[in-house]
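Report on the following structure.
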Amino acid sequence: MQSESGTSVRVRFAPSPTGYPHLGNIRTALFNWLFARHHDGKFILRIEDTDITRKVEGAVEVILDSLQWLGLDWDEGPYFQSQRLAIYRETVHKLLKEGHAYLCYCSPERLETMRHEQAKQKQPPKYDRHCRDLAQEERTRLESSGATPVVRFRTPLEGETTFHDLVYGLVTFRHDTLDDFVLLKSDGYPTYHLANVIDDHVMTISHVLRAEEWLSSTPRHVLLYQALNWQAPQFGHLPMILGPDRAKLSKRHGSTNINEYQKEGYLPDAMVNFLALLGWSLDDRTEVLSREELIKQFSLERVGKTAAVFNKDKLEWMNGFYLRKLNLGEYVQQAMPFLNRDLPGFVKRPLDEAYVGEVLSLIKERAKTLAEIPQLASFFFLDEIQYDPGLLLGKKLDAQAAAKAITVASRQLQEVEIWDATTLEGNVRPLAGELNLGTGELFGLLRIVVTGRTAAPPLFQTIAVLGKKKCLERFDAALRLLPA
RNA sequence: GCCCCCAUCGUCUAGAGGCCUAGGACAUCAGCCUUUCAAGCUGAAGAUCAGGGGUCCGAAUCCCCUUGGGGGCACCA
């Protein structure tokens with residue numbers, strides 16, 4: 001498909017490896033990906049590693065893994081800005097030559113005291129343009145002093161810049177509220193402003209879809225495009241995702257890195273569906289959309305402007321929903337790594353896949369995340385279960401009555417030949433009357449005996465899966481736990 | 001302090017002047033189902049559409065102001 005300007009759609013996701021990607025970063029990636037796929041365009045991955053001091057080891061790998069995990073495949077890249085320094089320098093020379101940029105020798109110390117002064121006088125912190133029009137002798141003096149300059153953009157002093165944002169509409173900034181921002185740092189690396197403009201141009205990016213936090217630096221970028229005589233891409237800023245405290249997502253918000261969600265057992269499809277609904281909607285009722293539907297339906301027109309607080313409860317619900325939709329085979333595949341990871345070490349590995357399948361068919365409806373599964377299913381795998389013996393007692397059930405019920409039930413079970421839920425229930429249910437107990441009471445007691453828990457899958461299905469031997473052992477164990 | 005953006009149930013949102021006595025989803029509560037827990041189904045509660053002015057026959061929807069929230073203002077991205 002062609003965009004309005006007649007060129008094909010090319011979008012990029014351009015994270016910086018200064019940390020692990022969080023929900024907000026990934027939502028941006030997702031929207032770019034959906035936009036590209038919808039328009040049959042290209043999704044390009046670019047690593048903005050121009051700050052060597054903040055680089056986090058392993059971050060690039062985590063970024064790539066996260067995208068792969070979610071199925072957000074890219075068509076080009078990853079490109080690394082740190083390997084493209086020559087391109088930036090060349091462009092800076094051009095800007096310098098044409099008077100759109102200038103060398104600035106101000107020391108970090110001077111800049112800091114300047115800002116300090118400005119703050120004291122309640123002035124907006126802005127570079128005072130000290131080096132903007134240096135006299136020639138002053139320049140030579142500074143050059144010979146050995147100070148390494150930075151390159152700054154010569155921002156127009158008057159006028160204003162207006163651009164049309166695909167999400168927010170017309171946005172205008174007066175030039176006198178901008179300052180002469182740095183293009184090239186003294187270490188020779190470009191700043192974000194420079195590098196992203198150059199790369200977006202060189203890579204013929206058609207649409208820049210990024211978080212709203214970039215809205216206020218967009219006029220700088222527009223000005224740069226103009227100075228370079230390049231056509232700017234279309235900009236579309238995406239509403240922010242906020243933490244529960246309504247502040248920009250950060251490390252302070254705990255589990256916000258996307259790889260945490262993988263570890264917690266969320267499914268990529270659920271994650272994608274949920275994230276898509278943060279800032280975008282199809283209509284007034286559709287909540288569940290497959291990847292294909294999302295691609296087909298996604299449009300910038302339906303992206304909202306309001307920042308969204310992300311709601312983990314809803315994510316959990318959606319994940320549970322996707323989990324329940326899985327067929328048993330898929331479910332086993334998904335759950336197996338989590339069982340291996342979280343079941344106690346003394347449980348024999350490898351786990352028997354057929355047995356795991358039977359177990360999971362019982363807990364499938366009960367898990368909201370894959371990480372809950374080992375916990376929900378642990379009693380199926382342990383030889384001995386631990387629980388508070390007090391659970392065996394009830395209102396009408398003292399130790400003696402409980403012991404009797406357990407003994408009777410145990411004896412009855414020993415007789416059962418066909419070990420399936422229906423047969424088991426047919427044999428055990430009548431015992432309630434004989435023991436003068438309510439069925440709920442008896443079943444509740446047996447549930448504790450067999451699972452050690454008050455909440456578990458249906459009793460007879462559980463007994464069926466557990467097997468005769470293990471069940472009878474648990475009946476004996478319960479008897480031993482009961483006070484004499 | 002300055003600049004920019006935003007403003008509908010607790011949260012995510014629908015709503016592009018009359019269909020709104022504001023719809024859906026999550027969460028909450030209740031009922032049904034039921035041997036427990038889930039799931040499922042049904043229902044309830046929950047938003048004077050931030051407040052105030054306009055415009056209009058008519059405003060959640062358009063304009064202005066106020067307030068609130070967010071973002072930006074680095075040799076970070």
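Each chain gets a letter, A, B and so on, in the order the sequences are listed, and its residues count up from 1.
- OP1 or OP2 of B/C76 sits under 4.0 Å from a side-chain N or O of A/K185.
- Between A/K126 atom NZ and B/G1 atom P there is a gap of 17 Å when expressed in whole angstrom units.
- Here, B/U28 and B/G10 have their C1' atoms 10 Å apart, quoted to the whole Å.
- Between B/A77 and A/R54, no contact under 4.0 Å exists linking OP1 or OP2 to a side-chain N or O.
- Look at CD on A/E316: it is 14 Å from P on B/A38, rounded to the nearest Å.
- Separation of the C1' atoms belonging to B/C49 and B/G68 is 16 Å when rounded to the nearest angstrom.
- Here B/C75 is the nucleotide among B/C2, B/G15, B/C75 with the atom lying nearest to any side-chain atom of A/L111.
- Put simply, the side chain of A/W419 gets close to the backbone of A/I463: a donor and an acceptor are under 3.5 Å apart.
- One P atom belongs to B/G46, the other to B/G24, and the distance between them is 14 Å to the nearest Å.
- Among the nucleotides B/U11, B/A25, B/C6, the one closest to any side-chain atom of A/V309 is B/U11.
- Nucleotide B/G10 has B/C26 as its partner under the Watson-Crick or G-U criteria, with both atom distances under 3.5 Å.
- With sequence neighbours excluded, the residues that form a side chain to side chain donor-acceptor pair (under 3.5 Å) with A/D269 are A/R291.
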Using nucleotides 19-23 of chain B, report all nitrogen or oxygen pairs with the protein that are shorter than 3.5 Å.
{"from": "B/G23", "atom 1": "O2'", "to": "A/R285", "atom 2": "NH2", "distance (Å)": "3.2"}
{"from": "B/G23", "atom 1": "N2", "to": "A/D284", "atom 2": "O", "distance (Å)": "3.2"}

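- Figure legend: A/R27 and A/F31 shown as a cation-pi pair, the cationic atom lying under 6.0 angstrom from the six-membered ring centre and within 45 degrees of its axis.
- At distances below 3.5 Å, at least one donor-acceptor pair connects side-chain atoms of A/D49 with backbone N or O atoms of A/S82.
- Atom CG of A/N427 is separated from atom P of B/U35 by 18 Å (rounded to the nearest Å).
- Within the nucleic acid shown, A/G279 comes within 4.0 Å of sugar-phosphate atoms alone, with no base atom in reach, counting heavy atoms only.
- The nearest whole Å value for the distance from the CD1 atom in A/I52 to the P atom in B/A77 is 10 Å.
- A/P458 comes within 4.0 angstrom of a base, heavy atoms only.
- For A/D51 and A/K305, each mapped to the nucleotide of RNA chain B holding its nearest heavy atom, the one lying further toward the 5' end belongs to A/K305.
- Side-chain proximity of A/P124 to B/C2, B/G24, B/C75: nearest is B/C2.
- Separation of the A/Y189 and A/Y88 ring centroids does not fall under the 6.0 Å cut-off.
- For A/K314, the listed nucleotide lying nearest its side chain is B/A25; candidates were B/A25, B/U13, B/G15.
- Rounded to the nearest Å, the gap between the C1' atom of B/A47 and that of B/C37 is 34 Å.
- The six-membered or imidazole ring of A/F181 lies away from that of A/H221, with a centre-to-centre distance of 6.0 Å or more.
- Among the atoms of the strands shown, only primed sugar atoms or phosphate atoms (P, OP1, OP2) are found under 4.0 Å from some heavy atom of A/T177.
- Going from the P atom of B/C64 to that of B/A7 covers 14 Å, rounded to whole Å.
- Checking B/U35, B/A27, B/C75 against every side-chain atom of A/R152, the shortest atom distance belongs to B/C75.
- Counting heavy-atom neighbours within 6.0 Å of A/K364 NZ, excluding the residue itself, gives a total above 12.
- As the counterpart of B/U34, no nucleotide is assigned, since no Watson-Crick or G-U wobble pattern has both distances under 3.5 Å.
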Could you write out each protein N or O paired with an N or O of nucleotides 60-71 of chain B at a distance under 3.5 Å?
{"from": "B/G71", "atom 1": "OP1", "to": "A/K248", "atom 2": "N", "distance (Å)": "2.7"}

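- Of the charged side-chain nitrogens involved, at least one lies within less than 4.0 Å of a carboxylate oxygen, so that A/D128 and A/R110 count as a salt-bridged pair.
- Between the A/N427 side chain and the A/L424 main chain, no donor and acceptor come within less than 3.5 Å of each other.
- Contacts of A/R115 with the nucleic acid, taken as non-hydrogen atoms under 4.0 Å apart, involve only primed sugar atoms and P, OP1 or OP2.
- Pair check for B/C73 finds B/G1; Watson-Crick or G-U wobble, both atom distances under 3.5 Å.
- Salt bridge status for A/K120 with A/E117: present, with a side-chain N to carboxylate O gap under 4.0 Å.
- For B/C6, its base never sits under 3.5 Å from the side chain of A/T306 at any donor and acceptor pair.
- A/Q81 is linked by a side chain to side chain donor-acceptor pair (under 3.5 Å) to A/E48, A/D199, counting only residues two or more places apart in sequence or in another chain.
- Backbone-only contact: A/R302 has heavy atoms under 4.0 Å from sugar-phosphate atoms and none from a base.
- Candidate nucleotides B/C6, B/U36, B/C12 were compared by shortest atom distance to the side chain of A/L278, and B/C12 ranks first.
- Residues A/Y261 and A/N319 have side chains that never bring a donor and an acceptor to within less than 3.5 angstrom of each other.
- For B/A14, one of the phosphate oxygens OP1 or OP2 lies less than 4.0 angstrom from a side-chain nitrogen or oxygen of A/S281.
- Between A/F163 atom CZ and B/C3 atom P there is a gap of 16 Å when expressed in whole angstrom units.
- The distance from atom NE2 of A/H22 to atom C1' of B/A77 is 11 Å, rounded to the nearest whole Å.
- The same atom, C1', is picked in B/C2 and in B/G51; the two are 26 Å apart, to the nearest Å.
- Using a 4.0 Å heavy-atom cutoff across all strands shown, A/A308 reaches sugar-phosphate atoms only and no base atom.
- The local environment of CZ in A/R411 is sparse, with at most 12 non-hydrogen atoms from other residues, nucleotides or ligands closer than 6.0 Å.
- In this entry the distance linking OH of A/Y127 with C1' of B/G72 reads 21 Å, nearest Å.
- Ring centroid separation for the pair A/Y168 and A/F235 does not come in under the 6.0 Å cut-off.
- Of the side-chain N and O atoms in A/T191, none sit less than 4.0 angstrom from OP1 or OP2 of B/A77.
- For B/G18, the paired nucleotide is B/C57, the pair qualifying as Watson-Crick or G-U wobble because both relevant distances are below 3.5 Å.
- At a threshold of 4.0 Å, the pair A/D179-A/R152 does not count as salt-bridged, since none of the basic side-chain nitrogens sits closer than that to a carboxylate oxygen.
- The distance between atom CD of A/Q118 and atom C1' of B/C73, rounded to the nearest whole Å, is 10 Å.
- For the P atoms, the distance from B/U36 to B/G31 is 14 Å, rounded to whole Å.
- Residue-level contact check: A/T218 touches neither bases nor backbone, having no heavy atom under 4.0 Å from any strand.
- Among the heavy atoms of the strands, none lies under 4.0 Å from A/T53.
- In this view, A/Y20 satisfies the side chain to side chain donor-acceptor pair (under 3.5 Å) rule with no residue, not counting sequence neighbours.
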Shorter than 3.5 Å, N or O on both sides, protein versus nucleotides 39-49 of chain B: list them out with atom names.
{"from": "B/A39", "atom 1": "O3'", "to": "A/R324", "atom 2": "NH1", "distance (Å)": "3.2"}
{"from": "B/A39", "atom 1": "O2'", "to": "A/E365", "atom 2": "OE1", "distance (Å)": "3.3"}
{"from": "B/G40", "atom 1": "OP1", "to": "A/R324", "atom 2": "NH1", "distance (Å)": "3.4"}

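- A/E287 comes within 4.0 angstrom of a nucleotide base, judged by non-hydrogen atoms across all strands.
- Nucleotides B/G40 and B/C5 have their P atoms positioned 43 Å apart, rounded to a whole Å.
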